[in-house]
Student: 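One structure is given below, represented as structure tokens, and several questions about it will come after.
In what follows, chains are A, B, ... by sequence order, proteins preceding strands, each numbered from 1. Any value given below was found using the heavy atoms of this structure, including those in side chains, with hydrogens, waters and symmetry copies removed.
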Number of protein chains: 2
Amino acid sequence: MGSLDKFPRPSVTVDLVIFTIADDALKVLLIRRGAEPYKDCWALPGGFVEIDESLEDAAARELQEEAGVTSVYLEQLYTFGDPGRDPRGRVISVSYFALVDADRQRIRAATDAIDARWFSVFDPENSRKLAFDHKKILDYAVWRLRNKIEWTTVGYELLPRKFTLSELQRVYEIILQKPVDKRNFRKKVLAQGKIRELSETRKDGAHRPARLYSFRKK
Amino acid sequence: MGSLDKFPRPSVTVDLVIFTIADDALKVLLIRRGAEPYKDCWALPGGFVEIDESLEDAAARELQEEAGVTSVYLEQLYTFGDPGRDPRGRVISVSYFALVDADRQRIRAATDAIDARWFSVFDPENSRKLAFDHKKILDYAVWRLRNKIEWTTVGYELLPRKFTLSELQRVYEIILQKPVDKRNFRKKVLAQGKIRELSETRKDGAHRPARLYSFRKK
DNA sequence: TATGCTTCGTGTACTTTCTACACTAAGCAG
DNA sequence: CTGCTTAGTGTAGAAAGTACACGAAGCATA
């Protein structure tokens, strides 16, 4: 491998912005750092890329280890590599964002003794400083998510397999932080042809039952 | 820096997809590799990230070294890091794409004894195999460029400071590989308000002179 | 100086998409 | 049976996008 040895190598990590919807809000999973630097600060989950695993595999592995979820929507975001972003040395971070649906959002219990919590993204209370440049990464991820749901159908990834149109609309309103017109919304998503009407309805105990839909895969 | 040492580190490179318009075609700059692996194959210009320079700086430096241009449009594309993409070992590549305008597209002469050439992107003749996974990177860059010019104004980055609307239209046609309606195109770009009509015209020697425009910075 | 050639530059009618907006239907509780 | 709450539906106007043809300007040359 001769020629590669001429260059000092940076460390490479993956960092994950894991979103979910809960309590009528967009949430991101953060873990509290147990060691320096930024000890006791909240940070995005992440870790070093193993020498023989792909970046995507590393991201999926961290997702499993830190959030206890598997096979969810996962997409590479951006690579942050300014010297000085980590006081320990040169660390380049390949960031990913993941969407976890309401069904699986149980955080892996604190078996790893990691202190993990979902934080509301838009709660000004939570614009506390994150470790490293993670605030920048999070902001970028939110920007990307907002764009994405306007042009694609990733919104469904945040809902259980069966959902009502009102629930889907609420997801859009939460992410975009603005009200959405009910009739136009339904017209638009149905026209996309990506969701299938089911014969079941959801009776949430009160009022008129809502028809259930499911995402039409592929 | 203790804790970083526990993990073997990959090498990190930046690879550049440098586009320009020349000879009525979209071109990409490739360099012929002088060493193994892929000796004598054509490859995207790129190189290792120095331990104390940012990724963007590394990309700008390579752009200067290999294409001899500076201060052009430069944007991070995607990070490719599959194990095995480089036979020498684990190499993670952060790819960038750059747009070089017609004014500056002189390739730095072969002072570095590098053999560099512009290749037509859509010429099937040139779908020869590139080194490493560079074909994949190039394809992704083309896809991104096509999306980008439809929603933004980066098209101007490929033209000299003063240009005619016909020239701009031709850039779009070349990139999208389809004809564009003249009147609708003019309506659209003028409505964007990003270009300013100049008082000069271009007399290319024959026929009716065309009005010149320039890009309205910021 | 008239004719032909080539590129420049412009407007309108039609279609599609987006936006705003209000009432009836279904089920439950009392 | 009445009242409350959420589900579900259509239409008219505005805006954006698409298709399409001809006169104007300059040059060449007969």
Student: When the side chains of residues 151-158 of chain A are checked against the rest of the protein, which donor-acceptor pairs come out under 3.5 Å, sequence neighbours left out?
Tutor:
{"from": "A:Thr152", "atom 1": "OG1", "to": "A:Lys148", "atom 2": "O", "distance (Å)": "2.7"}
{"from": "A:Thr152", "atom 1": "OG1", "to": "A:Val154", "atom 2": "N", "distance (Å)": "3.3"}

Student: Could you state the atom-to-atom distance from CG of B:Leu190 to C1' of C:dG11 in whole Å?
Tutor: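 Taking CG of B:Leu190 and C1' of C:dG11, I get 14 Å after rounding.
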
Student: Taking any heavy-atom pair under 4.0 Å as a contact, classify A:Thr201: base, sugar-phosphate, or nothing.
Tutor: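 No contact.
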
Student: With A:Arg117 as the cation and A:Phe119 as the aromatic partner, state whether NZ or CZ is under 6.0 Å from the six-membered ring centre and within 45° of the axis.
Tutor: yes

Student: Can you measure A:Glu197 atom CD to D:dA7 atom C1' for me and round it to whole angstrom units?
Tutor: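 In whole Å, D:dA7 C1' lies 13 Å from A:Glu197 CD.
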
Student: Can you figure out which of D:dA7, C:dC8, D:dG26 approaches the side chain of A:Lys182 most closely?
Tutor: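 Minimum distance to the A:Lys182 side chain belongs to D:dA7.
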
Student: For a quick test of reading the model: is some side-chain N or O of B:Arg186 closer than 4.0 Å to OP1 or OP2 of C:dG9?
Tutor: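 Answer is yes, contact under 4.0 Å.
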
Student: On the nucleotide C:dT6, are OP1 or OP2 found under 4.0 Å from the side-chain N or O atoms that B:Arg208 carries?
Tutor: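 No, because none of the side-chain N or O atoms of B:Arg208 sits under 4.0 Å from OP1 or OP2 of C:dT6.
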
Student: Under 3.5 Å for both pairing distances: what stems, at least three Watson-Crick or G-U pairs long, include DNA chain D?
Tutor: C:1-30 with D:1-30

Student: Taking the six-membered ring for Trp and the single ring otherwise, decide whether the centroids of B:Tyr213 and B:Phe163 are under 6.0 Å apart.
Tutor: no

Student: Taking the six-membered ring for Trp, are A:Tyr140 and A:Trp143 parallel (under 30°), tilted (30 to 60°) or perpendicular (over 60°)?
Tutor: parallel

Student: Salt bridge between A:Asp57 and A:Arg61, side-chain N to carboxylate O under 4.0 Å?
Tutor: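 Result for this pair is no, no salt bridge flagged.
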
Student: Starting at CD of B:Glu200 and ending at P of D:dA25, how long is that distance when rounded to a whole Å?
Tutor: 20 Å

Student: Rounding to a whole Å, what distance do you find between B:Glu150:CD and D:dG17:C1'?
Tutor: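 Interatomic distance, CD of B:Glu150 to C1' of D:dG17: 13 Å.
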
Student: Of the nucleotides D:dG10, C:dT10, D:dT5, which has the atom closest to the B:Arg183 side chain?
Tutor: C:dT10

Student: Measure the distance from CD on B:Gln192 to C1' on D:dA15 and round it to the nearest whole Å.
Tutor: 16 Å

Student: Tell me the interatomic distance from B:Leu165, atom CG, to C:dG9, atom P, rounded to whole angstroms.
Tutor: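 That distance rounds to 7 Å.
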
Student: Which nucleotide, D:dT18, D:dG8, C:dT6, lies nearest any side-chain atom of B:Asn184?
Tutor: D:dT18

Student: If you assign each of B:Lys187 and B:Thr164 to its closest nucleotide in DNA chain C, which residue comes earlier from the 5' end?
Tutor: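 The 5'-side residue here is B:Thr164.
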
Student: Mind calculating the distance between NE2 (B:His207) and P (D:dT29) to the nearest angstrom?
Tutor: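 After rounding, the gap between these two atoms is 11 Å.
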
Student: For the pair made of CZ in B:Phe185 and C1' in D:dG17, what is the distance, rounded to whole Å?
Tutor: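 Going from CZ in B:Phe185 over to C1' in D:dG17 covers 15 Å.
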
Student: Using a strict cut-off of less than 4.0 Å between a Lys/Arg side-chain nitrogen and an Asp/Glu carboxylate oxygen, indicate whether A:Arg33 and A:Asp40 qualify as a salt bridge.
Tutor: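 Salt bridge between A:Arg33 and A:Asp40, a charged N being under 4.0 Å from a carboxylate O: no.
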
Student: For the side chain of B:Asp181, starting at C-beta, report the closest nucleotide among C:dT7, D:dC20, D:dA7.
Tutor: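 Per side-chain heavy atoms of B:Asp181, the pick is D:dC20.
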
Student: Between B:Glu173 and B:Lys178, does any NZ, NE, NH1 or NH2 come within less than 4.0 Å of an OD or OE carboxylate oxygen?
Tutor: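 Between B:Glu173 and B:Lys178 there is no salt bridge, as every charged N stays at least 4.0 Å from the carboxylate O atoms.
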
